[in-house]
Amino acid sequence: MSLSIKDLIGSLALSELVAGLGVTLKYMFKPSITIQYPEQKITLSPRFRGEHVLRRHDDGTERCVACKLCEAVCPAQAIFIEIDTESQVENRKTSEYDIDNSRCIFCGYCQEACPVDAIVLGPNCEMTTETRQDLLSNKEKLLANGERWKEQVDANLAADAKYR
Amino acid sequence: MAEILQVIHSFGEGLFGAIWPLVWALIKINVLMGPVMICVSYLTLAERKVIGAMQVRIGPNRVGFWGLLQPFADAAKLFFKETHIPAAADTVVFLIAPTLVLVPALLAWSAIPFAEGVVLADVNIGILYVLAISSLGVYGVLMSGWASNNRYSFLGALRSASQMVSYEVAMGFSIIPVVMLAGSLNLTDIVLDQKDMWNIIPLFPLAIVYFISVVAETNRTPFDLPEAEAELVAGFFTEYSAMSFGLFFLGEYANMILVSALATILFLGGWLPPVEWLSIIPGFVWFAIKVGFLLFVFLWIRATFPRYRYDQLMRLGWKVFLPIALIWIFVTGAAMHLFGLA
């Protein structure tokens with residue numbers, strides 16, 4: 001290892017170290033970028049894929065027509081659908097619609113596959129539970145999610161509609 | 001001041017009789033140790049805040065206003081945890097070692113003058129005493145590494161011992177010109193000698209050598225090889241938990257404050273203000289400001305530099321700092337002879 005005179009003087013004067021210290025000192029006076037989570041939250045994109053919601057038509061009937069496309073496309077096989085055999089062809093619907101959130105990978109394929117915009121991944125990401133059982137969502141839970149997040153889901157779908 | 005002390009002495013002698021000198025010594029120790037321990041605990045908070053700010057984060061702010069009660073929360077957590085002793089460990093040595101790390105760091109404070117005359121023991125060999133006591137800390141480190149009966153601990157202790165011994169040489173040599181200039185080993189005399197010019201101006205390279213050496217002495221980044229977490233888990237205190245771990249932690253931070261105080265006394269003029277007209281501000285405030293700045297530099301360095309490799313560490317100590325310090329001793333001696341200072 002050979003050092004030129006310039007390098008030697010530079011290393012004795014700790015020039016690179018002082019430059020490094022200057023960078024950290026500069027950053028010390030920059031405003032912090034921390035989001036203090038429970039009080040502050042980031043703005044989520046309209047395309048954010050959170051907890052699933054099942055939507056209803058404006059007249060209150062379920063949108064889902066039990067076509068099972070979401071069940072078929074689901075790569076994690078997290079969706080289980082049973083067709084309501086009592087229902088008529090014109091208002092075909094499901095009797096069971098279960099999503100296993102412990103399997104779901106939140107890829108959003110179910111939303112993409114859905115021909116009637118019934119299953120949508122909503123903006124809710126705070127879905128921790130105390131037991132694994134609570135991670136299994138049945139149809140009532142998903143429809144209730146639809147009621148709970150209706151405004152935001154509608155707004156998100158409207159915001160993203162022109163790109164679809 | 002003297003009258004107040006007289007009143008306290010006569011009152012104490014009336015109350016305690018013959019054991020009053022002992023009680024008075026205990027009072028003085030507590031008056032010294034209380035602020036030091038508070039400084040140590042708040043240095044941990046300051047470290048997290050400063051490094052947080054440098055990484056564009058906030059740092060702890062949940063416990064108390066601005067996170068000011070965080071050190072107490074940490075202490076409470078450490079107190080209520082279990083002190084786990086490994087089955088293969090040498091129990092007695094294992095438990096003594098953390099104390100041996102913390103106690104020297106606190107003992108050395110007794111010779112540190114905070115302002116003119118404000119010193120627990122104004123000994124004539126103050127600097128020798130401080131150096132001797134502070135180098136005892138390495139025994140605690142070695143004992144902890146050995147007694148843990150763990151390879152990581154042992155390697156960490158070995159690294160720490162060789163590192164502290166190596167850098168003690170450079171540190172000791174960088175102090176010698178200060179002693180030469182002051183003509184005294186008494187820390188108060190060393191400070192008073194800097195009335196006209198702080199030692200950092202004639203001895204600037206040595207001040208840098210001293211500061212980098214004490215960063216290595218206290219096992220701080222970028223010289224924290226003894227606790228290199230990527231290789232050694234936590235180094236010599238891998239097996240420690242709860243308050244026995246807390247003692248190592250306190251020892252490290254107490255050592256940081258101690259060496260900063262020593263650097264202030266040796267190179268930055270102790271309690272002396274930078275210019276004469278600023279002496280309306282009391283001496284201990286200047287002392288605190290200077291020590292605080294040096295501690296900030298410790299944290300600043302930690303936030304900036306990556307860790308040294310072991311051979312680089314040894315090369316820096318023996319091949320760079322030792323020659324620089326030796327040369328500067330010679331230069332100082334020659335200059336003192338030429339200018340007739342000796």
Side-chain angles (χ1 to χ4, degrees), chain A residues 1-51 101 105-106 122-132 134-135 148-149 152, chain B residues 46-63 65-67 170 204-213 215-216 220-223 293-309 311-313 315-316 319-325 327-328 331:
Chain A
M1 194 179 77
S2 66
L3 278 172
S4 70
I5 297 294
K6 197 182 156 200
D7 288 346
L8 187 67
I9 291 170
S11 94
L12 280 180
L14 311 175
S15 56
E16 286 173 6
L17 302 185
V18 172
L21 288 171
V23 172
T24 40
L25 190 66
K26 192 178 78 190
Y27 271 86
M28 187 177 163
F29 296 106
K30 291 198 173 179
S32 116
I33 55 168
T34 303
I35 306 283
Q36 304 199 51
Y37 166 63
E39 293 96 39
Q40 304 170 357
K41 287 176 186 174
I42 53 169
T43 349
L44 296 174
S45 156
R47 295 181 184 184
F48 183 80
R49 303 195 296 261
E51 190 181 16
N101 281 317
I105 58 170
F106 297 94
N124 183 22
C125 58
E126 294 158 335
M127 44 192 295
T128 51
T129 61
E130 288 176 4
T131 63
R132 294 192 179 191
D134 294 341
L135 284 171
R148 185 177 165 207
W149 300 103
Q152 288 179 54
Chain B
E47 168 160 45
R48 294 166 73 179
K49 280 282 181 190
V50 167
I51 294 180
M54 286 182 176
Q55 294 169 352
V56 209
R57 295 186 286 117
I58 294 178
N61 66 346
R62 294 283 141 169
V63 193
F65 173 72
W66 208 66
F204 184 73
L206 287 180
I208 300 297
V209 167
Y210 174 84
F211 192 76
I212 298 176
S213 297
V215 173
R220 297 283 302 174
T221 28
F223 307 106
F293 172 74
L294 287 177
L295 287 172
F296 170 74
V297 177
F298 263 99
L299 310 181
W300 189 9
I301 286 175
R302 177 166 174 196
T304 309
F305 299 131
R307 187 178 297 127
Y308 260 57
R309 212 171 56 208
D311 61 316
Q312 294 172 328
L313 174 90
R315 194 192 67 195
L316 185 70
K319 288 185 170 177
V320 181
F321 285 172
L322 189 57
I324 289 178
I327 290 169
W328 217 262
V331 170

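Hydrogens, waters and symmetry mates play no part in the numbers below; they use all other heavy atoms, side chains included. Letters A, B, ... are given to chains in the order of the sequence lines, protein chains preceding strands, and every chain is numbered from 1.
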Check your understanding: Hey, which residues of residues 205-212 of chain B are touching chain A, say heavy atoms under 4.5 Å apart?
Key -> B:I208, B:I212

**Study point:** B:F296 versus chain A, the contacting section by heavy-atom distance below 4.5 Å
**Key:** side chain

Practice item. Using the side-chain contact (heavy atoms from CB on, under 4.5 Å) rule, pick out the option among A:I35, A:T34, A:I33 that qualifies with B:I58. Key: A:T34

**Study point:** Proximity of residues 16-27 of chain A to chain B, residues having a non-hydrogen atom under 4.5 angstrom
**Key:** A:L17, A:G20, A:L21, A:T24, A:L25, A:Y27

Point to revise | Stepwise side chain to side chain contact (heavy atoms under 4.5 Å, CB included) check, B:M54 with A:F29 | key: CA-CA 8 Å; B:M54 286 182 176; A:F29 296 106; over 6 Å; no

Revision key, fill the gap. Ranked by heavy-atom pairs below 4.5 Å to chain A, first place among B:N61, B:T304, B:I324 goes to B:T304

Check your understanding: In Å and rounded to the nearest 0.5 Å, what is the CZ to CD distance from B:R62 to A:Q36?
Key -> 5.0 Å

Review point. Is it true that atom CD of A:E130 has more than 12 heavy atoms of other residues, nucleotides or ligands lying nearer than 6.0 Å?
Key: no

Check your understanding: Are more than 12 heavy atoms from other residues, nucleotides or ligands located less than 6.0 Å from atom CH2 of A:W149?
Key -> yes

